[in-house]
Amino acid sequence: MTSTGPEKVDARTVFRASWFPVLLMLVLSATFLVGGHEIDSQKYDQNLYHIQVIRQFEAQLPTPDVSNYGAATGPGYHLLYAAVGTLIGSDIDTLRWFSLVIAVLLIVAVTGFCTIRCSPRTAALVTAPLAVSYYLLGSAVQLQTDNLAWLLSVMIMGPLVFRGVTPWSLITSGCLLLLAVSVRQNFIWLAGPIVLAGFLSTPLARRRLDVDHAVVSSPESRWGLFGLSLLMLLPAVLLLYTLISLWGGLVPPNFQYFHSSHVTWVALGFALAIVGFYAPFFLLAVPRCMELLRSKGHWVLLAGMVGACCALIPPSDSNGELGRAGGLMWKLVASGPVLEGRSLVLAFFAAIGGGSIILLWFAQIEAGQKRGGLVLLCGWLATTSTTFLNVQSYQRFYDFPCLLLLVWGLSLCLDRTAASDRRIVGGPPLLAAILAVLFALASI
């Protein structure tokens, strides 16, 4: 097992890494913003829900009524845009430029954390697919809550995954968690990786799991970090409790007729299929990938079988009435073979996804990044768990966390050597090119 400690990263390094993926995103986004074009799938939510709530809150400032409004998410995004609207104007075209600013910050943050492990060149190329992904771009050129919520999530997860746990990182995580829950209440899932990161700093975790831990002076202080991680959840939990009490449910009253107790059992299988669709491009850059596949093949095979079962046990065919629609994956499912309401296409990609996650995990262990890998995987499982309670299995709810799992998962396996720089050239840039073309074709 080899391990190199986290590198010190300055603003110049982050800029060298992020300018390329940011430029890719800006080129694709600017054509929509300058030409006044819109993406129909994102335009619907923007015009029917978000802009109406923004203008409602803007008219009600400084005391907006958040007890009931026309969106299913928390009020944080709309309150921010209402404040921005009072400064720069609340017409849609103006606010869409502010959405682009948030998207730029998101890409810079993702790439910046990659540079803790990788060279700027490698970080740029591994992040490129995320920068041109359909749903990140859609939220960059329309009024959607997604990118703001994910920006806050990245700022929470990044230090915990790449640097370890310190009192300051936990305090910052608690503050950002409060903001994330205010934007999208289901982002309480971030409590999972925060608490796990705190637990992994304890002597018990170090003995049982053989993980790296925060550099602190004594075992007692390491247990203190675990306690602090629990304490930092309190503000977000209280906010969530307040919102639920105010609404009388998990969403504002206007949306409670729609968001029922329906459970989407195929959620994990679908998430694994999204990972499986993207993963082969990232696996091309994993160090010693074929050797790992030979030595750990039985584990990879087992994980693949579990992934396939996640897609075959529950109904997994394309069904718009039950929310199983929206996005490229469901289009592939609709065009492929179905057996008793179970999609063989989804099972195929879910099997690849399960095997790929295990393969990345073993590569992270070899790189001495078990702790970071555990926190990252916990975050992906936590956000996926929230989709079980979403009646809509649209790909937009799964796409970003699945790509982030691969981008950061691969970054944990790499280092700043010339070999890593050469290895990254094949897979992720090719995926970025394919996604850019798909975005352009879908948006014409």
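In this text, all values refer to a predicted model and were calculated from it rather than measured experimentally. Just the heavy atoms: all of them, side chains too, but no hydrogens, waters or symmetry mates, feed the values below.
- Open room surrounds CZ on F15; 12 or fewer heavy atoms of other groups in view lie less than 6.0 Å from it.
- Side-chain atoms of S29 do not come within 3.5 Å of backbone N or O of L26 as any donor-acceptor pair.
- Panel note: side chain T172, backbone S169; no donor-acceptor pair is recorded below 3.5 Å.
- Looking only at distances, a side-chain donor or acceptor of R96 sits under 3.5 Å from a matching main-chain atom of V141.
- Counting heavy atoms from C-beta on, the side chains of L143 and Y77 come closer than 4.5 Å.
- At least one donor-acceptor pair under 3.5 Å links the side chain of S316 to the backbone N or O of A311.
- A donor-acceptor pair under 3.5 Å is formed between the side chain of Q395 and the backbone N or O of M329.
- Remark: R16 CZ is loosely packed, at most 12 non-hydrogen atoms of other residues, nucleotides or ligands lying under 6.0 Å away.
- Summarising the geometry, atom OG1 belonging to T122 is positioned 6.5 Å from atom CG belonging to L414; distances are rounded to the nearest 0.5 Å.
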### Message
As a quick check of understanding, evaluate side-chain contact (heavy atoms from CB on, under 4.5 Å) for V275 and W380, giving each step before the final call.
### Response
CA-CA 11 Å; V275 173; W380 179 79; 3.9 Å; yes
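- Here the closest heavy-atom approach between residue L178 and residue P235 is recorded as CD1-O, 3.5 Å.
- A 4.5 Å side-chain heavy-atom check between L412 and W408 finds every atom pair outside the cut-off.
- Residues L360 and F282 fail the side-chain proximity criterion, which asks for heavy atoms closer than 4.5 Å.
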### Task
Let me see the working for F98 and Y81 under ring-ring contact (aromatic ring centres under 6.0 Å, His included), right down to the final yes or no.
CA-CA 9 Å; F98 187 65; Y81 271 65; 5.2 Å; yes
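- Considering only heavy atoms from C-beta on, P401 stays 4.5 Å or farther from T384 through its side chain.
- Side-chain contact between C413 and P287 is present, with at least one heavy-atom pair separated by less than 4.5 Å.
- Residues P428 and V407 fail the side-chain proximity criterion, which asks for heavy atoms closer than 4.5 Å.
- Atom-to-atom distance recorded for L268:CG and C309:SG is 11.5 Å, nearest 0.5 angstrom.
- Of the inter-residue distances, the one linking I424 atom CD1 with C118 atom SG reads 7.0 Å to the nearest 0.5 angstrom.
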### Query
For L332 and F277, what are the C-alpha separation, side-chain angles and deciding distance, and is it a side-chain contact (heavy atoms from CB on, under 4.5 Å)?
CA-CA 11 Å; L332 292 174; F277 180 79; 4.1 Å; yes
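- A donor-acceptor pair is defined here as one N or O able to donate and one able to accept, closer than 3.5 Å; no such pair exists between the side chain of W361 and the backbone of G409.
- Considering every non-hydrogen atom in both A128 and L24, the closest pair reads CB-CD1, 4.1 Å.
- Of all non-hydrogen atoms in P21 and A131, the two that sit nearest each other are O-CB, 3.4 Å.
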### Task
Give the intermediate values and the outcome of side-chain contact (heavy atoms from CB on, under 4.5 Å) for residues V183 and L179.
CA-CA 6 Å; V183 173; L179 296 176; 5.7 Å; no
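- R416 places no side-chain N or O within 3.5 Å of a backbone atom of P120 that could act as its donor or acceptor partner.
- In this structure, the ring of Y394 has its center no less than 6.0 angstrom from the ring center of W330.
- Results of the ring-ring contact (aromatic ring centres under 6.0 Å, His included) test with F400 over Y134, W150, Y135 single out W150 as the only residue that passes.
- Considering only heavy atoms from C-beta on, L239 stays 4.5 Å or farther from Q185 through its side chain.
- The line from CD of Q144 to OG of S99 is 8.5 Å long, rounded to the nearest 0.5 Å.
- Between the side chains of D399 and Y278, at least one donor N or O lies within less than 3.5 Å of an accepting N or O.
- Looking at S356, its side chain never comes within 3.5 Å of a backbone N or O of G276 through a donor-acceptor pair.
- Heavy-atom minimum distance, H78 versus G74: ND1-O, 3.6 Å.
- With rounding to the nearest 0.5 Å, the separation of CG in L225 from CE in M232 is 11.5 Å.
- Between Q56 and D65 the shortest heavy-atom distance is NE2-O, 3.8 Å.
- At least one donor-acceptor pair closer than 3.5 Å links the side chain of N254 to the backbone N or O of Y69.
- Side-chain contact of R117 with S411: a donor-acceptor pair under 3.5 Å is absent, judged by distance alone.
- Atom CZ of F397 sits in a crowded spot, with more than 12 heavy atoms from other residues, nucleotides or ligands closer than 6.0 Å.
- Minimum heavy-atom separation, V132 to F439: O-CB, 4.5 Å.
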### Task
For side-chain contact (heavy atoms from CB on, under 4.5 Å), just list the numbers for V161 and Q369, CA-CA rounded to whole Å, side-chain angles, deciding distance to a tenth of an Å, and then say yes or no.
CA-CA 9 Å; V161 169; Q369 298 298 310; over 6 Å; no
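- Heavy-atom contacts from other residues, nucleotides or ligands closer than 6.0 Å to CG of L105 number more than 12.
- Around CH2 of W265, the count of heavy atoms belonging to other residues, nucleotides or ligands within 6.0 Å does not exceed 12.
- Rounding to the nearest 0.5 angstrom, the gap separating the CG atom in L28 from the CG atom in L136 is 11.0 Å.
- Contact of the N47 side chain with the I92 side chain is registered, since non-hydrogen atoms from C-beta on lie closer than 4.5 Å.
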